[in-house]
Amino acid sequence: MSIVQFEKVSRIYKSGDHVLRALDHVSFGLDEGKFIVILGPSGAGKSTLLNLIGGLDSPTEGKIAVDGFDISMLTNDQLAEYRAKTVGFVFQNYNLIPTLTVYENVALVREIVKNALPPEEMLEAVGLADHLKNFPAELSGGEQQRVSIARALAKNPKILLCDEPTGALDSETGVVVLKLLLKMARERGKTIVIVTHNQNIAKMADVIVRVKSGHIRSVETQESPLSAEEVEW
Amino acid sequence: MLRKKLFRTMGRYKAQFISMVIMVALGIGVFWGFQMEWYTLDRTSAKTYEATGFADYRILSDSFFTPEELEAVAAIPGVSDATRFLRVNVAVKGDTDLLGLSVSSNPKVSGIYVTSGEDYDPSGRGLWLSDQYAAKNGVRLGDQLTLVYAGPSGTVEITAPVLGLAKASEYMICLQDETQIMPDYNSYGFVYISPVLLEESMGMETYTQINLTSELSKEEIVPLIDKALGRTSLVLSKDEVVSWAETQGEIEEGVTMGSILPVLFLAIAILTMVTTMHRLTASEKTQIGLLKSLGFKDSRILRHYSAYGLTIGLAGSVLGVGIGYLLAWYIMNPDGAMGTYVDLIDWTLYVPAFCWIVLAAVIGFLTLLSFLSVKSMLRGSAADALRPYSPKRVRPLPLERTGLWKKMRFSGRWNLRDSLRHKSRTGMTLFGIIGCMVLLVGALGMNDTARSFVTVFYDEATAYESKLNLSVDETENEAALALAEARQGDWAAMSSVQVGDAPVGLEIYHVSHGLIHFIAKDMSEVTLSPEGVYICDRIARDNGLAPGDRISFSPYGSSETYEAEVKGILRSLSESVILSDEAADRLGIPYAINTVYTRETGIEAGGVISSVQSKQSILQSFDKFMELMNTMILLLVVAAVVLGLVVLYNLGVMSYTERYREMATLKVVGFRDRQIGRILIGQNLWLTVLGVVIGLPAGVGVLQYLLTALASDYEMKLTLGPITYAVSILLTFGVSLLVGWMIARRTRSIDMVEALKGVD
C-alpha cells in the first residue's frame, strides 16, 4: 500500500520572466515500511520531491496524498501539524540548535508532540547516552547527525525524510549513519526516504526512484538490497 | 561593481540600515536641537540686550533721583553710560490689565527697540507699547490709551496715542512680580513714555532708579556708587534681575538638558551602531573572504566596507541636521515654547561650532567602526577569511545546576542561552528599554511634580482671590491696616535684605483669616511662630543653615543688622526670609505694609491700592507654564517611544536574522509560526521586565537630578503618581510587545528550504 502518492504534481518557480519547472507532472507512489532512495544528479528535482513530501513546500499543480491524506492544499498551521506528527527530517547539515544541549535538542519535540518517545531512550539508541549534556559544537559531524536522527525519530513519525544525510560526512562515518538509519527503520517499521546523488547508497534501497530534469525516470524495486557493509564505498 | 554590491547589500539588510540611519538621525537631531536651542537664546538675547542698552546695574531708591545724582554716577570711572529710570505698574483704564510703565532719561541705557511705528522720541507725547501686548489685546498704532497710576500722592492719568510698538530687554521676560511664572501678554505688558510726557503728567521727575552700564564687578562698583551718592544704596546687578537671570537660567538649563538627553540618544545610537555593524560584517564574512581570495587587496575591501558606515553616517547626519533645525525651531520661534517666555528682537537659529565637530566625529566614528569591524574579519589568510563567522561557543550556565532550570521549558532555556551568548545584543536591547523607561518616567514625573507644585502653592497655600499691592510707606501702615480690616484680609510687608552678600526678600506676614499658608520641606503646613524667622530652601542651602541656627540680615539703605533663630525651612517661590509680624516687632524690624490679601474680587486700583492681581490671573500664567511643560513632555514621550521602537526593532531584526536557521529548524520539526513568535516575544518581554526594573529607579534618579539642576528656584518636591508608574510601565511593555509582534510576524515568511540548505 502506498504511503506517499503523487498525482500529476508540478512545482514551478518563477523569478521575473524566468520560469523553472523543478517537477513537471510527476506521478508515482511509495510503499510503507520501505527504504527508498531518490536518486538523481544536481538540479534534477529530487530535493523538491522531498520538500513536497515533508510539507516544507506545496505543489503548484497536482495532488500529494500521504497516509491517505491530501497534503497539497493544507494551511501553514495544518502543514506544521503534519510535519510534527507524520514526518521526521534529517539534513545534510544536521540543523541542530546550537544553544541547546544534545538532550534538549531531542527533548524539544515534546513541546509539539504529545506522545513523543523519551529523549534518553532515543539518544541511547543512537549511541549518545554519554553526551546528553554536551552542546552540538562539542560533537563530531557524525555524532551531530546521530542527534539529528534521534530528534527525528523521537516524534515517532511514519516517514523519515533524509536529504543527503551523509553528504557532510567521511565515508566511514557515513556508513555508520546509514546503518543506524536502516536499523531504526527496520526495527520500528518506518518508511525511510533518502535523497542522494550517491549511487552506492541506492544499492541498499528497497526502492530506487530515479529523477532527471523534473521527471521520474523510473521506480525500481530491488529484491535483494545490499547491507551497508556489502556496499563498496 | 563593488558600488552595486554596496547598494544591494544595503537593500538586503534594509531593516538594519534604516534603523541605523534613524538612530544616527535621532541622536544627531536631538543633540543639535538642544544645543541650538540654548546657543540661539544666548546669541539672540545678547543681541536684544545690546540693541536696547540693557543695564548692568540698577541703583534703587525710595526717593527720586536728581540730574546731579545721575551726573555723579555717570562720572564714576568705569561707568560707560547711565540713565535715570522709572519702572512702575499702571492700570489700563477701562480694563483689568496692567502695564509696566517705564521711562529712561537716556534711551541708550534701558531703552527700547521699535518694531513698528515711529522711532522713540525723548520729547514725544505718545506711548511705545509692547508689541506682544498690542497683538494680544488688539491695540494698533494710533489707538489712544489711558494709563492710571495710583501713587502715594494720589492717582494720575496719562492719556496718549500709541506711536510705536516695541521690545525692551528690561522686559525681556515680562513678569508682573515673583508670583508670576510665565508672561501673559493678555493681562500684562509694558509701555515706555518719554521723559517729557512723564514730567507733564506727574508734574515732576519721578525716577526711582539709576541704571548704568559698566564692566566693573559689583564689589568694585558699590563703594564707588555709595561714595558718589553720599549714602548706602540698594544696587542690583543684572544677575539679580529677572530678564537677565531667568534668561541665563534658561541658557544654563539648555546646556544641562543638552548634556543629558542628547548624550543619552547619541550614546544609544552609537552603541547600537557598534553592535549592528559588527553583526553585519560578521554575516558578510564569507563574502569578505571571497573578495580577498579573488585577489582584491585588503585596502580595497576595507574602503568598500567603510563606505557602509560612511553612508549611514552621512544619511543620518543630513536627516539629523534637519531634525535638529526642526526641534530648535519648534522651541525657538516667536510662537513656540521659548517665544511664550522670552521676548526677543531676533529669532534666527544659530549652530554652535562644536555641533559641526560632533557631526564630523560621529561620521568619522561610524566609518572607523566599519573599518575596524572588517579589519578584524580580514585577519590571517584568504582561507581564514573565507571561513564563516562563528559566534562564541555555548557554555553551561551556573543556573543549570539548580532545580529552576529543570522546571524551565525549552523556550525559556533557548532564550536565556541565546541572550547570554549574544551579550552585546542583549545589553543594547536592555539599554534601549532602560532609556525608554527613563525618558517616560522623567517626562511624566516632571508633569506630576509640576502639577503637585501648582496644587500645593496655589490651590492649597493661597486661599485669597485678590492680592492688593499698596503704595504706602511705613508711616502709613494705619491706612493699610484699615484696608486689610475692611476687606477681611491678611497682610504682608515685602522688602529686600542682604544675607551675606546676596540680596534676598524679607517677607513679614500677619495671617488672621487663613488666606496664606506656609509649606514645610516635607510638604506639611506650618504656622509662623511669634519668634524667630523661617528661610527658604535656597537660603538654607547657600548659607549652610538649619533649624536652630542663627541668621543675620540687614535691610538695604539701613545700617541695622538683625539676628534671629531659624525656626524652620519653607518651600517658597521667592528667595526670602519669612517671619510673622509679631516676630518682626520683637526683633524691632520696621516695615511698611505693601500687600493685602483678600477673598473679595472685582477690586479696582485707586487710593492706596496701586494695583490688583487676581488669583485667577496667576493661575492663568500657570496654565501657560503647564502648556509649555506639556509640549516638552509630549516631545519626550514621543522621543522615548521612537527610541524604544527603533532600538528594539533593530535589535529584534538582528536577533531574528541570527536565529533564522534555528527557527527554520523548529518549523521543520513541526513548530507553528505562532509558537515560534511567542518564543521571540517572550525573550523581548523578559528583557523588558529587567529593563523596567532597572529603568524605573534610574528614571526617578534622572528626574531628581533634573529638578535639582533645572528647577531649584521653584523648590519643587519630586512627585510621581501611580498613573505615571502605570503609564510608563505599560507604554514600555507596549513598545516591546509591538516590536515583538512585528518581528514575530516575520516567522511566517521563513523559507525552511532556503534556510536549511546553507552551510553550517
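Chain letters run A, B, ... following the sequence lines, proteins first, then strands; residues in each count from 1.
- Between E104(A) and R417(B), at least one side-chain nitrogen of the basic residue sits less than 4.0 Å from a carboxylate oxygen of the acidic one, meeting the salt-bridge criterion.
- Surrounding CD of E187(A) are more than 12 heavy atoms belonging to other residues, nucleotides or ligands, all under 6.0 Å away.
- In this structure, H304(B) and Y308(B) have perpendicular ring planes: the angle between them is above 60°, well past the 30° mark.
- When only modelled atom types and interatomic distance are considered, T276(B) and N650(B) share a side-chain donor-acceptor pair under 3.5 Å.
- Closest non-hydrogen pair, G174(A) versus T166(A), comes out as O-CG2, 3.5 Å.
- Near-neighbour residues of residues 148-156 of chain A relative to chain B, defined by a heavy atom under 4.5 Å from a heavy atom of that chain, comprise R151(A), K155(A).
- With values rounded to the nearest 0.5 angstrom, D24(A) atom CG is found 8.0 Å from E61(A) atom CD.
- The contact list for residues 664-674 of chain B toward chain A, using heavy atoms and a distance under 4.5 Å, reads T665(B), L666(B), K667(B), V668(B), V669(B), G670(B), F671(B), R672(B), D673(B), R674(B) by residue number.
- Atom CG of residue L161(A) and atom CD1 of residue I36(A) lie 9.5 Å apart, to the nearest 0.5 angstrom.
- Using a 4.5 Å cut-off between heavy atoms, S47(A) does not touch chain B at all.
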Go through the steps to decide whether Q287(B) and Y305(B) satisfy the test side-chain contact (heavy atoms from CB on, under 4.5 Å), and finish with yes or no. CA-CA 11 Å; Q287(B) 295 207 36; Y305(B) 279 94; 4.1 Å; yes

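- Rounded to the nearest 0.5 Å, atoms OG1 (T196(A)) and CD1 (I38(A)) are 11.0 Å apart.
- Using a 4.5 Å cut-off between heavy atoms, D77(A) touches chain B through backbone and side chain atoms alike.
- Minimum interatomic distance between A84(A) and I112(A) (heavy atoms only, all atoms of both residues): CB-CD1, 4.0 Å.
- If you take CG on L79(A) and OG on S72(A), they are separated by 9.5 Å, rounding to the nearest 0.5 Å.
- Side-chain atoms of Y94(A) and N105(A) form no donor-acceptor pair, as typed in the model, at a separation below 3.5 Å.
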Assess the residue pair K46(A) and D163(A) against the criterion (side-chain contact (heavy atoms from CB on, under 4.5 Å)); give the C-alpha distance rounded to whole Å, side-chain angles, the decisive distance to 0.1 Å, and a yes or no. CA-CA 9 Å; K46(A) 54 187 190 303; D163(A) 193 353; over 6 Å; no

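- Atoms CD1 and OG1, from I12(A) and T48(A) in turn, are 12.0 Å apart once rounded to the nearest 0.5 Å.
- Taking a 6.0 Å sphere around NE2 of H215(A), one finds it holds more than 12 heavy atoms contributed by other residues, nucleotides or ligands.
- Considering CD1 of I97(A) and CZ of R661(B), their distance stands at 10.5 Å, rounded to 0.5 Å.
- Of all residues spanning residues 402-415 of chain B, those with a heavy atom less than 4.5 Å away from chain A's heavy atoms are W405(B), R409(B), F410(B), R413(B), W414(B), arranged by number.
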Show the numbers, then the answer: is there a side-chain contact (heavy atoms from CB on, under 4.5 Å) between I216(A) and F6(A)? CA-CA 11 Å; I216(A) 303 292; F6(A) 274 52; over 6 Å; no

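- Within residues 121-142 of chain A, the residues approaching chain B closer than 4.5 Å by heavy atoms are, in numerical order, F135(A), A137(A), E138(A).
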